[in-house]
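Below, read A as the first sequence line, B as the second, and so on, with proteins coming before strands; counting in each chain starts at 1. Here the structure is a predicted model, which means the values were calculated and not measured.
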Protein chains: 2
Amino acid sequence: MQNSGRQSRRITAAQVAEAAGVSRSAVSRAFTAGAYLDRAKREKILKVAQELGYRPNALAAGLQAAGRSDLVAIVTGDLVNHYDAEILARLVQSLRGLGKWPVVLGGHEDLREEDVLGVLGYPLDALVLRGGSVAESVALHCAKLNIPMILSGRVMSAPGVDCVCCDNARGAAMAVRALVARGRRKLGYLGGVPHLSSDQDRRTGFETALAEEGLSPAVLAHADYSFEGGYAAARDLLAGGAEIDGLFCANDAMALGVMAAARQEGGLSIPEDLSIIGFDDISMAAWPGFDLTTVRNDMDETVSQILRLLSARLEAPGKDNEVAWIEPELILRGTH
Amino acid sequence: MQNSGRQSRRITAAQVAEAAGVSRSAVSRAFTAGAYLDRAKREKILKVAQELGYRPNALAAGLQAAGRSDLVAIVTGDLVNHYDAEILARLVQSLRGLGKWPVVLGGHEDLREEDVLGVLGYPLDALVLRGGSVAESVALHCAKLNIPMILSGRVMSAPGVDCVCCDNARGAAMAVRALVARGRRKLGYLGGVPHLSSDQDRRTGFETALAEEGLSPAVLAHADYSFEGGYAAARDLLAGGAEIDGLFCANDAMALGVMAAARQEGGLSIPEDLSIIGFDDISMAAWPGFDLTTVRNDMDETVSQILRLLSARLEAPGKDNEVAWIEPELILRGTH
DNA sequence: TTGTATGCGTTATCAC
DNA sequence: GTGATAACGCATACAA
């Protein structure tokens, strides 16, 4: 009764070695690219391993050398926001291209900081944080554990922390100028969660650009970045008799909600009665029926910068921290 | 020069032990719930650990006992499909509730089977597969490696493989009956990827229910589950002069695309000129402006069944495999 | 209650 | 080329 534990264990290199009549080291070498090993011997080992269903245990392998567990944690924003969902998909895909395995956290409203700290139990190659949802203490822990951190959509200045961020103020200014160029003068801003720096920057950009045009905001409101939130905010605005002819929304989902409310609750035509510009350029913005004018917060560029910063950091862990700015671009469609 | 490697290592239990003047085992016990350890001693250790930024290495811990690495891989469908994005968010959240860490794969069109096999290098507690994207060979490997597998949206009969699946045929029949009850007689089916069993089942359900009503399909078409695909398919149908007064779509995204095309390209009113029913009930279906009648493929129920099966399998690895059927529900809105 | 000693499965180092 | 052997960092059975 050699191998009859009731809960059968995973096949190990030792078992493969025995079955193939070689040493354990040979088995290890067979799975290591560029290791000295007789060609025929390697092939035999690989064949036996295949039959037994052997696969080197990544946990044990990751224990060997520090700094290459190949695990990267991603803290994503709420996935009902299409922007975050699309970013996550791209991130997961390109991380695989680097040979990394993404451990995903978040994706819903209530992310517990405890979970973020918990995943640091793994010797992560890096931690990628989307949006502004997590506190300073996490950054502190990362620093102590020597885990590189990459922020997206938020800027923070700390050693070992790299950031990718859209120039939010500039994007907001582009939207304002486009609205003014259309003859709009009574402009409103519909922001998202006010304590996030991205929202603050978009709002500041909006107000500054407006001031440069000699105008002041007709309305400053905020919702929760969702379609439903945008819808409700617009309905309230309309019911309150707000006089606006143009609205800049802090993201596309809210802009779509505003459009629906303006049309259905207010009986307004867009853009004739009300111009609307969103932010992000999620794929839905281009759908016929929406055709939303928006400020593109380039997802491909964002993800590729995240990966560039990640690679650079892994190559030179002690390098200076860096901020990669994403240039916004105004996408002209039919709602402004 | 005791501690001056250029690439500073992670703090270990040994270092904490030395700093706190205790044994390594004591440190280990301090982090193990319910281990014998003097109260004051534990607190001191925890304090020192906190200061040093120590955290037990999950890799080393996972190596201890087989079968509880706390890692669960999720192979998700394309995240531009909102259904998959919403399922993933719920899955990630509830997996955390079980103390598991989700390693996420897929999320985009081209999932390489190599990646799925690769993640099996980790001694996963389980592998959760969404949709029908992955081949038999994966199931085989899982079996050999003794990794429990949970399929969602697809059924497969194999030891150690549990499934959660919507009763697709029944859902399709509900849609057909609702359309017929509205007086529709010339019904079409817009399917998704034809080789997926979910699509086949919905199509079969459609045809069978139609036959029971004494009718036969006016149109059988298919697209790629996307809004754009639905839009293009509808445009082609209209251009080809297809005579239909009702269309059942295999998912909501395509149904929304069809609606946009019918209105904009065909100048049709919905549901006056054309009734449309979707499948899934993604959050967007309820948006004003869409108000899509659809067959709910309950996400909360799906995720909770996945978790139930997962827990049961971990408790009793050798138990019989099981299929949990999700009952579809017709959500009556304004498009049928 | 505590410390010592052993094993988890792998890779890397070292003589052969 | 190849096979022993020492880490890697932790949990735990065992002895005290």
Out of [options], which has the shortest distance to the side chain of [X]?
| X | options | answer |
| --- | --- | --- |
| A:Ala61 | C:dT2, D:dG9, C:dT10 | C:dT10 |
| A:Asp38 | C:dC8, C:dG9, D:dT2 | D:dT2 |
| B:Ser28 | D:dG9, C:dT2, D:dA11 | D:dA11 |
| B:Pro56 | C:dT4, D:dC8, D:dA11 | D:dA11 |
| A:Arg24 | C:dG9, D:dT12, D:dT5 | D:dT5 |
| B:Ala26 | C:dG3, D:dT2, D:dG9 | C:dG3 |

What is the distance from [atom1] of [X] to [atom2] of [N], rounded to the nearest Å?
| X | N | atom1 | atom2 | value |
| --- | --- | --- | --- | --- |
| A:Arg42 | D:dG3 | CZ | P | 14 Å |
| A:Arg55 | C:dG9 | CZ | P | 17 Å |
| A:Leu145 | D:dG9 | CG | C1' | 14 Å |
| B:Leu63 | C:dT11 | CG | P | 12 Å |
| B:Ile11 | D:dC10 | CD1 | P | 10 Å |
| A:Asn57 | D:dC10 | CG | P | 17 Å |
| A:Gln15 | C:dC8 | CD | P | 11 Å |
| B:Tyr122 | C:dT10 | OH | C1' | 13 Å |

**Request:** Hey, which sits more toward the 5' end of DNA chain C by its nearest nucleotide, B:Leu37 or A:Thr32?
**Result:**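 Its nucleotide being nearer the 5' end, the pick is B:Leu37.
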
**Prompt:** Below 4.0 angstrom from OP1 or OP2 of C:dT1, is there any side-chain N or O of B:Lys41?
**Reply:**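 Checking C:dT1 against B:Lys41, no side-chain N or O comes under 4.0 Å of OP1 or OP2.
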
**Prompt:** For D:dA11, does either OP1 or OP2 sit under 4.0 Å from a side-chain N or O belonging to B:Tyr36?
**Reply:**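 For D:dA11, neither OP1 nor OP2 has a side-chain N or O of B:Tyr36 closer than 4.0 Å.
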
**Message:** Could you work out how much the helix from C:dT1-D:dA16 to C:dC16-D:dG1 bends, comparing the axis of its first five pairs with that of its last five, to 10°?
**Reply:**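 The value is 40°.
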
**Item:** Pair A:Gln93-A:Arg90, side-chain donor/acceptor within less than 3.5 Å
**Value:**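 Their side chains do not contain a donor-acceptor pair, so the 3.5 Å distance test is not met.
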
**Item:** A:Leu79 versus A:Thr76, closest heavy-atom pair with distance
**Value:**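 Taking every non-hydrogen atom into account, CD2-OG1, 3.6 Å.
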
Give one of base, sugar-phosphate or nothing for [X], where a contact means two heavy atoms less than 4.0 Å apart.
| X | value |
| --- | --- |
| B:Phe31 | nothing |
| B:Thr12 | sugar-phosphate |
| B:Leu59 | nothing |

Applying side-chain hydrogen bond (donor to acceptor under 3.5 Å, both in side chains), name anything that partners [X], two or more places apart in sequence or on another chain.
| X | answer |
| --- | --- |
| B:Asp115 | A:Arg96, B:Arg112 |
| B:Arg313 | B:Asp162 |
| A:Asp84 | A:Arg130 |
| A:Tyr83 | A:Asn297 |

**Prompt:** Between the main-chain N or O of A:Ala158 and the side-chain N or O of A:Asn321, is there a donor-acceptor pair closer than 3.5 Å?
**Reply:**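 Side chain of A:Asn321 to backbone of A:Ala158, a donor-acceptor pair under 3.5 Å: yes, one is there.
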
**Prompt:** Ignoring hydrogens and geometry, is there a side-chain-to-backbone donor-acceptor pair from A:Arg154 to A:Leu196 under 3.5 Å?
**Reply:**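 Here the side-chain-to-backbone pair does not exist.
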
**Message:** Quick check: any donor-acceptor pair below 3.5 Å linking the side-chain of A:Gln64 to the base of D:dG9?
**Reply:**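 No, no donor-acceptor pair under 3.5 Å.
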
Could you list, one pair per line, each protein nitrogen or oxygen that sits under 3.5 Å from a nitrogen or oxygen of nucleotides 13-16 of chain C, together with the distance?
none

**Asked** Residues in side chain to side chain contact (heavy atoms under 4.5 Å, CB included) with A:Arg24, at least two apart?
**Response**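 Per chain and number, A:Arg24 pairs via side chain to side chain contact (heavy atoms under 4.5 Å, CB included) with A:Ala14, A:Ala17.
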
**Request:** Can you sort out the partners of B:Ser23 under side chain to side chain contact (heavy atoms under 4.5 Å, CB included), two or more places apart, ordered by chain and number?
**Result:**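 Testing B:Ser23 for side chain to side chain contact (heavy atoms under 4.5 Å, CB included), a comparison that skips the adjacent residues, returns B:Ser25, B:Ala26.
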
Validation: residues 49-63 of chain A side-chain donor-acceptor distances under 3.5 Å, sequence neighbours left out:
residue, atom, partner, partner atom, Å
A:Arg55, NH1, B:Leu117, O, 3.1
A:Asn57, OD1, A:Leu59, N, 2.7
A:Asn57, OD1, A:Ala60, N, 3.4

